[in-house]
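Note sheet for the following structure.
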Amino acid sequence: MAVNTSPDTPLPVGEVSRMIGGWIDRLGAVWVEGQITQLSRRPGAGVVFLTLRDPSHDISVGVTCYRQVFDAVADVVGEGARVVVLAKPEWYAPRGQLSLRAAEIRPVGVGELLARLEQLKKTLAAEGLFAPERKKPLPFLPQLIGLVCGRASAAERDVLENARHRWPAVRFEVRNVAVQGVHAVPQVVQAVKELDAREDVDVIVVARGGGSVEDLLPFSDEQLVRAVAQCRTPVVSAIGHEPDNPLLDHVADLRASTPTDAAKKVVPDVGEEFERVRMLRDRARRCAHAAVEREERGLAHALARPSMEDPHRMLDERADHVASLLDRGRRTLGHLLDRADSELTHTHARVVALSPAATLRRGYAVLQQADGHVVRDPAGVAAGETLRARVAEGEFTVRVDAVDAVDAVDAVDV
């Protein structure tokens, strides 16, 4: 419960320490898991001192136990081992220090670790952290590569030497960290975040040589897996050898079987690229030459045709035929015109012979009444009626004296 205090009524340090001890005493015994980082077994001492650390966080707590408790597992437990401890928290009031009094220590077996990793793998996979669509493609030619590895390690040497052998101009930004033990996870996470924050880093390689399952446990830590999943920069996992498969391999954008394989996959080989360029250039040259030769053959074939060798030959061959057809057409048209002219002449002669004008020229006349009607019957005229007589050379008027004869002409009008 909260304690009421004020600047005027403060609590003494001893009282505060006593109260903290009372709260801790009420916690009771608990099972705690961690990794042993320091182990002190003094000869003849009845108490063993060790430090238990959380591998995923920078948190440690001191543990004490009687020698007989530790001797029960001394053959299988040492520094770096992961253990489960049944301990009761204790508060040492004079120094204000928290520790654990261990009543039982159990080593965490490989089988149990693998089972926990498998459960963590399923949990992270269900969240989609291993989904293929999340993986980012690597740049073809990175200008700056971030490398996270152990100091002066074989993994660092393999990556640097092989990458520079393949592409001498490649540059690296190296972060040397602990790659096993309790400090591995926080250091690797910090290095990955630092490299990811840099705009000039194109790809990040996390490399480590092979090792036991316990040695590679930091690269299956949930904190590291989530940190890599949040990176905007592509990450390559090069942990261990071909059989090793930490969870980092699943979340990384590319898994390399070894650090050497990572160098081969991150940068192209300059010799291979020159050879590929040469092959493509030769192929393009062959294609261009083949296209030109094909067009030249087509042009030569077209020029070899008779119509192209002597363009006027066809005209000359057809000229006589055209002239013959032209003469034939003219003769035919002349015959048709002559025959039509003859027929027209005969028709004209017949028309002229049968025309009224020809009859008048033979001495006949046409009598017309005043209204223009032609007189055909003497009964159609009356005595004293004036008629118009039309002859070949003109016309004149006549007067009818009697119905049966015309005996006088009063006037002539031509």
Glu194 and Arg175 have their tightest heavy-atom pair at OE1-NE, 3.2 Å
Charged N to carboxylate O below 4.0 Å: is that the case for Asp282 and Arg278?
yes
Answer yes if the side chains of Gln180 and Arg208 hold a donor-acceptor pair under 3.5 Å, and no otherwise.
yes
Are side-chain N/O atoms of Glu156 and Asn176 paired as donor and acceptor at under 3.5 Å?
yes
So, do Ile36 and Leu52 sit near enough that their side-chain heavy atoms are less than 4.5 Å apart?
yes
What is the distance from atom CZ of Phe49 to atom OG1 of Thr64, rounded to the nearest 0.5 Å?
6.5 Å
Could you pull out the closest heavy-atom pair between Leu195 and Leu147, with the gap in Å?
CD1-N, 4.0 Å
Test side chain to side chain contact (heavy atoms under 4.5 Å, CB included) on Glu273 and Arg166; report intermediate values, then the result.
CA-CA 10 Å; Glu273 295 305 319; Arg166 292 171 62 84; over 6 Å; no
Quick test of your reading of the model: are Asp25 and Lys88 salt-bridged, counting only N-O distances below 4.0 Å?
yes
Verify the neighbour count for atom NE2 of His250: are there more than 12 heavy atoms of other residues, nucleotides or ligands below 6.0 Å?
yes
Can you name the closest pair of heavy atoms from Val192 and Cys231 and give their distance?
CG1-SG, 3.4 Å
Is it the case that over 12 heavy atoms from other parts of the model lie below 6.0 angstrom from the CZ atom of Arg151?
no
Point-to-point distance, once rounded to the nearest 0.5 Å, from CG of Leu100 to CG of Leu98:
6.0 Å
Rounded to the nearest 0.5 angstrom, the CG-NZ distance for Leu254 and Lys265 is 5.0 Å
Looking at every heavy atom in both Pro246 and Leu216, which two are closest together, and how far apart are they?
CB-O, 4.4 Å
Minimum heavy-atom distance between Arg232 and Glu199, given as atom pair plus value:
NH2-CA, 3.5 Å
Got more than 12 heavy atoms from elsewhere within 6.0 Å of CZ, Arg390?
no
Ignoring hydrogens and geometry beyond distance, is a side-chain donor-acceptor pair present between Thr345 and Ser342 at under 3.5 Å?
no
Least distance between heavy atoms, Ala229 atom then Val251 atom:
CB-CG2, 3.6 Å
